[in-house]
Amino acid sequence: MKELIQKPHFIFFGAIAIVIAIGVFSKNHTFDINIEDTYFVIGYFHISLPISIFFGLIGLGYWLMLKGNKKLSKWLSLIHIIVTFGGLFVLFVIPYYTFTENESAFPLYHNYAKVNMIKIIAISAIVFGQMIYLINLVTGIFRKR
């Protein structure tokens, strides 16, 4: 575990293959979110490609900081990893979780508000994690080893 915190680019480079495999093997699954009057439906495969590119850029940033002999905060790196992967886990697992609630006339939509709110909170957490990553990189550039 200590090695992964000191070299977090291994986690992100390894996650690229996992994310692409999830996208390829779940082509029939979709990610859908309702914002105001617009209903967005995107296939997992089409989400997995930008996420894998994004993980590649994050891993490249961590790797360049390591090769540039710059010191990053271990706590900020750990928080970034946990928030990013935790948010993605919640984002893609929550559609399979069923909420027990009274049956309504429209069973497809009876828990949609809860699922939509959890998805928005997960996306917000992921964005917050990327802000932590940027703070870690900027402070790492100016910190001496």
Side-chain angles (χ1 to χ4, degrees), residues 1-101 107-145:
M1 184 69 179
K2 185 178 178 184
E3 181 73 21
L4 290 177
I5 299 302
Q6 291 177 351
K7 298 180 180 179
H9 59 278
F10 287 143
I11 296 172
F12 287 98
F13 288 151
I16 291 172
I18 295 169
V19 168
I20 289 177
I22 289 171
V24 167
F25 292 121
S26 61
K27 285 187 178 180
N28 294 333
H29 295 270
T30 59
F31 176 77
D32 53 343
I33 190 164
N34 184 8
I35 299 175
E36 295 291 326
D37 290 335
T38 307
Y39 189 70
F40 296 101
V41 179
I42 305 167
Y44 275 10
F45 178 72
H46 294 101
I47 292 177
S48 69
L49 293 178
I51 289 175
S52 62
I53 292 170
F54 188 65
F55 280 174
L57 292 174
I58 291 173
L60 182 68
Y62 277 126
W63 182 75
L64 288 174
M65 293 299 283
L66 181 70
K67 290 300 175 188
N69 207 16
K70 300 293 183 180
K71 183 173 171 68
L72 294 174
S73 171
K74 292 179 186 176
W75 284 103
L76 289 179
S77 296
L78 181 66
I79 291 170
H80 172 244
I81 292 167
I82 290 172
V83 169
T84 299
F85 287 105
L88 284 174
F89 178 77
V90 168
L91 195 62
F92 290 112
V93 169
I94 200 65
Y96 301 111
Y97 182 76
T98 57
F99 293 98
T100 56
E101 195 173 293
L108 181 64
Y109 302 106
H110 76 278
N111 63 356
Y112 195 73
K114 287 182 184 178
V115 172
N116 202 22
M117 182 58 68
I118 291 172
K119 286 180 182 179
I120 290 173
I121 290 171
I123 291 171
S124 301
I126 293 168
V127 169
F128 174 72
Q130 304 326 304
M131 288 181 197
I132 290 175
Y133 168 69
L134 292 175
I135 290 169
N136 196 9
L137 284 185
V138 170
T139 57
I141 290 171
F142 297 111
R143 185 179 300 158
K144 295 182 179 170
R145 195 149 183 114

[atom1]/[X] to [atom2]/[Y] distance, rounded to the nearest 0.5 angstrom?
{"X": "N136", "Y": "H80", "atom1": "CG", "atom2": "NE2", "result": "9.0 Å"}
{"X": "I22", "Y": "L88", "atom1": "CD1", "atom2": "CG", "result": "9.5 Å"}
{"X": "L137", "Y": "I58", "atom1": "CG", "atom2": "CD1", "result": "9.5 Å"}
{"X": "L72", "Y": "T139", "atom1": "CG", "atom2": "OG1", "result": "7.0 Å"}
{"X": "W63", "Y": "K7", "atom1": "CH2", "atom2": "NZ", "result": "12.5 Å"}

- Message: Is it true that, when you exclude F13 itself, more than 12 heavy atoms of the residues, nucleotides or ligands shown sit nearer than 6.0 Å to its CZ?
- Response: yes
- Identified ring-ring contact (aromatic ring centres under 6.0 Å, His included) counterpart of F12 within the set F54, Y133, F55: F55
Any side-chain heavy-atom pair of [X] and [Y] under 4.5 Å:
{"X": "M65", "Y": "I141", "value": "yes"}
{"X": "I11", "Y": "F85", "value": "yes"}
{"X": "F128", "Y": "I132", "value": "yes"}
{"X": "K119", "Y": "L91", "value": "yes"}

Closest approach of [X] to [Y] (non-hydrogen atoms, all atoms of both residues):
{"X": "S48", "Y": "G23", "value": "OG-CA, 3.5 Å"}
{"X": "A122", "Y": "G87", "value": "CB-O, 3.7 Å"}
{"X": "I135", "Y": "L76", "value": "CG2-CD1, 4.3 Å"}

- When V127, I126, L134 are each screened for side-chain contact (heavy atoms from CB on, under 4.5 Å) with Q130, the one that passes is I126
- With a 6.0 Å cut-off on ring centres, are F10 and Y62 close enough? no
